Amino acid sequence: MKILVCISKAPDTTSKIAFTDNNTAFDKNGVQFIINPYDEWYALVRGLELKEANGGSVTILNVGGADNDPTIRKALAIGADDAVRINMEPTDALGVAKQIADYAKENTFDMVLCGKETIDYNGSQVGGMVAAFLDQPFISNASKLDMAGNTATVERDIQGGKEIVQVDTPFVLSAAKGMAEARIPNMRGIMAARTKPLNVVEPSAFENTTEIASYELPPAKGACKMVSADNPAELLNLLRNEAKII
Amino acid sequence: MSILVYANTAKNKVHKSAFEAVSYGAQIAEKSGDSVTAVVVGNADDLDTLGKYGADKVIHVTNDKLNDFQPTLIAQAIQQAAEENNASIIVFSHDLSGKSVAPILAAKMNAGIVTGAVDLPQMDGDFIVKKAVFSGKAYAHVKVTTATKIISLTPNALEKKEYNKTASVEDKAYELGDSRLKVVEQKIQSTDLPLTEAELVVSAGRGLKGPENWGMIEDLAKALGAATACSRPVSDMDWRPHHEHVGQTGVAIRPNLYIAIGISGAIQHLAGVNQSKVIVAINTDPEAPFFKAADYGIVGDAFEVVPKLVVAAKAMN
Ligand SMILES: Cc1cc2nc3c(=O)[nH]c(=O)nc-3n(C[C@H](O)[C@H](O)[C@H](O)COP(=O)(O)OP(=O)(O)OC[C@H]3O[C@@H](n4cnc5c(N)ncnc54)[C@H](O)[C@@H]3O)c2cc1C
Ligand SMILES: Nc1ncnc2c1ncn2[C@@H]1O[C@H](COP(=O)(O)O)[C@@H](O)[C@H]1O
């Protein structure tokens, strides 16, 4: 079973969000980067479990610059076999998806696993686009994935509930909570990751369809109005007559 | 030219988020002078109600293949409707169905897409859409440079506007490909409204000590007509079902009112709720970070405060 796991780099969840260059760029100063949690905890770990049970390989794919290499090495330390970095600063989801799809077309995989969204751009775009470029089925927001031969049984979140679907390989899936439990890389994994292959590939040509013109921080919150614990009814009164929401 | 809106349905009914998307499309059309066409796929009733929120026309795609949720086939149907109606802008709701279908369509049509829009696009000169990024901690203004544009609208982000038009309904049986995806079983939750669409949410955390104490949370939610949610440790310990988990790694919501009871207000929790219009925090610890994000707060013991709130809420109804 050949599995491709797409990982993206994201600022650590506790990072302070600030912008530079007249609010046109994210301020990376002092920011720690991690593997996007959905990609690491769910897509990657489930991919590894399937490989451990059925044999095969797990390849990591990232579209990004050389400063992503430490993040990619962490994915290798968790247990992936090899990694590919498509050497391009991602600016637009369609561009990223096209690179992923082009690579997957040339190197045929049984499944491409993505996260349900990145926690920085919050796109929820790349997985569906990769599926469309590959003309493969797309199962989004999957919370369980089991394989029997080349048939996958997947539980996915849909509007108002969950659904069990079946699909034969190849397919593209985006992973949500429930797929697996996070794994912490051990010392042996970290040592092994240093010598695992990380191949750098140059991107194919494409044209951007969107660009970020600027960023904006939400207005600062006003002070919190305190209500006495002895008179909680006053809270409801404020919500009805001041905030006018109940 | 026209603005096309994918109006999704559940249990044969048009979804609340679909009405929001149609109203959003109609507000764009008001500026651009285009007409508004809503596309509905699969079994659905009462489609003329879409006129109320601004649809001039409804295309009902009746192909049987669409009775299951088949994102690829839905994208094919919408693409045909878009081409037939010369659509310049295609609108989705940024809910679970939009998140699946919209990116497929964007790739097939090579259309620039902005997901999670929180405001109407700016259209004089460049076409720019404001969206939430960094899990609600900031906004990005995204410029779309293609002729056909796709936008998905965050649920509950904008007030719906009524137009009270009469929408004509046209049945279409578009040719669709075959899907390799088979739906084996559906587990629709009995709760009526998905959390992402609830206007009022009562949420509780580890401060509640154990699952047996959720009775008062449910009572409060019921008295207010609110949905219930929880913090991540609470769903991890199986005190509450996983679909109630809000935050960075759970669902992101933006209700009109979010009441957080016994939740500390960790940044990853706030990431999923900080776009709520009004936030209330109830916590024994006056230093709890949630008070910094809240509009109203009570420093107190949930086991004393919440039962009193339930009584007061019932008295108010
Ligand atoms: C990558 C990552 C992603 C994460 N994603 C999420 C996420 O999506 N959602 C999420 O919620 N968390 C998430 N977390 C976890 C998050 O950091 C916090 O640990 C979690 O939100 C804490 O939950 P809590 O507030 O319920 O519990 P605690 O932090 O234990 O807080 C309990 C609170 O209850 C108060 N309290 C105690 N007794 C009472 C009482 N009788 N009455 C009133 N108040 C009382 C306490 O003062 C305290 O403030 C994530 C963490 C990481 C690292
Ligand atoms: N630059 C990237 N390189 C590789 N995979 C990516 C990249 N960006 C996004 N992805 C994958 O696509 C998923 C959805 O991303 P997004 O559409 O940006 O929310 C992520 O969870 C990753 O699995």
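The basis for the numbers below is simple: all heavy atoms, side chains too, and nothing from hydrogens, waters or symmetry mates. It should be emphasised that the depicted structure is a prediction, and the values quoted were computed from it without experimental measurement. In the text below, chain A, chain B and the rest are named by the order of the sequence lines, each starting its count at 1.
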Donor-acceptor contact present, side-chain A/Ser214 to main-chain B/His141, <3.5 Å: no
Any sub-3.5 Å donor-acceptor pair from A/Thr210's side-chain atoms to B/Lys143's backbone N or O? no
For the interface with chain A, which of [options] has the highest count of heavy-atom pairs at distances below 4.5 Å?
{"options": "B/Glu304, B/His245, B/Lys277", "answer": "B/His245"}
{"options": "B/Lys308, B/His15, B/Glu185, B/His242", "answer": "B/Glu185"}
{"options": "B/Thr115, B/Asn274, B/Asp68, B/Asn110", "answer": "B/Thr115"}
{"options": "B/Asp295, B/Thr72, B/Thr146", "answer": "B/Asp295"}
{"options": "B/Val311, B/Ile279, B/Val299, B/Asp126", "answer": "B/Val299"}
{"options": "B/Gln70, B/Gln186, B/Gln248, B/Arg180", "answer": "B/Arg180"}

Would you give the length of the straight line joining atom [atom1] of [X] to atom [atom2] of [Y], rounded to the nearest 0.5 angstrom?
{"X": "B/Lys99", "Y": "A/Asp157", "atom1": "NZ", "atom2": "CG", "value": "10.0 Å"}
{"X": "B/Ile267", "Y": "A/Thr13", "atom1": "CD1", "atom2": "OG1", "value": "7.5 Å"}
{"X": "A/Ile245", "Y": "B/Leu257", "atom1": "CD1", "atom2": "CG", "value": "4.0 Å"}

Which atoms of [X] come close to chain A, meaning under 4.5 Å heavy atom to heavy atom: side chain ones, backbone ones, both, or neither?
{"X": "B/Ala111", "answer": "backbone"}
{"X": "B/Asn8", "answer": "side chain"}
{"X": "B/Leu96", "answer": "both"}
{"X": "B/Ala132", "answer": "backbone"}
{"X": "B/Ile128", "answer": "side chain"}
{"X": "B/Ser179", "answer": "neither"}
{"X": "B/Val280", "answer": "side chain"}
{"X": "B/Ala293", "answer": "backbone"}
{"X": "B/Ala140", "answer": "both"}
{"X": "B/Leu224", "answer": "side chain"}
{"X": "B/Lys292", "answer": "backbone"}
{"X": "B/Gln268", "answer": "side chain"}

Could you please state which residues from [range] sit under 4.5 angstrom from chain B, measuring non-hydrogen atom to non-hydrogen atom, sorted by number, or 'none'?
{"range": "residues 163-176 of chain A", "result": "A/Glu163, A/Ile164, A/Val165, A/Gln166, A/Val167, A/Asp168, A/Thr169, A/Pro170"}
{"range": "residues 124-135 of chain A", "result": "A/Ser124, A/Gln125, A/Gly128, A/Met129, A/Ala132, A/Phe133, A/Asp135"}
{"range": "residues 111-121 of chain A", "result": "A/Lys116, A/Ile119, A/Asp120, A/Tyr121"}

Answer with side chain, backbone, both or neither: which region of [X] has an atom nearer than 4.5 Å to a non-hydrogen atom of chain B?
{"X": "A/Leu235", "value": "side chain"}
{"X": "A/Asn208", "value": "backbone"}
{"X": "A/Ala10", "value": "neither"}
{"X": "A/Leu94", "value": "side chain"}
{"X": "A/Leu236", "value": "both"}
{"X": "A/Glu207", "value": "neither"}

Under a 4.5 Å cutoff for heavy-atom pairs, which residue among [options] has the most contacts with chain B?
{"options": "A/Ile158, A/Asn141, A/Leu217, A/Asp230", "value": "A/Ile158"}
{"options": "A/Ser15, A/Gly123, A/Ala223, A/Pro37", "value": "A/Gly123"}
{"options": "A/Gly178, A/Ala152, A/Ala243, A/Ala233", "value": "A/Ala243"}
{"options": "A/Arg240, A/Gln136, A/Glu211", "value": "A/Glu211"}

Contact between A/Arg156 and B/Ser100 at the side-chain level, heavy atoms closer than 4.5 Å - yes or no? no
4.5 Å side-chain heavy-atom contact, B/Thr249 and A/Lys177: no
Got a sec: does the NZ of B/Lys13 have more than 12 other heavy atoms crowding it under 6.0 Å? no
Using a cut-off of 6.0 Å, state whether more than 12 heavy atoms not belonging to B/Asn317 lie near its atom CG. yes
If every non-hydrogen atom of [X] is compared with every non-hydrogen atom of [Y], which pair is closest and at what distance?
{"X": "B/Leu181", "Y": "A/Pro137", "result": "CD1-CB, 4.5 Å"}
{"X": "B/Ala294", "Y": "A/Cys224", "result": "O-CB, 3.4 Å"}
{"X": "A/Pro218", "Y": "B/Lys137", "result": "CD-O, 3.2 Å"}
{"X": "A/Asn122", "Y": "B/His94", "result": "O-NE2, 4.4 Å"}
{"X": "A/Ile17", "Y": "B/Phe134", "result": "CD1-CD2, 3.6 Å"}

Quick one: salt bridge (charged side-chain N to carboxylate O under 4.0 Å, His left out) partners of B/Asp178, sequence neighbours excluded? B/Lys65
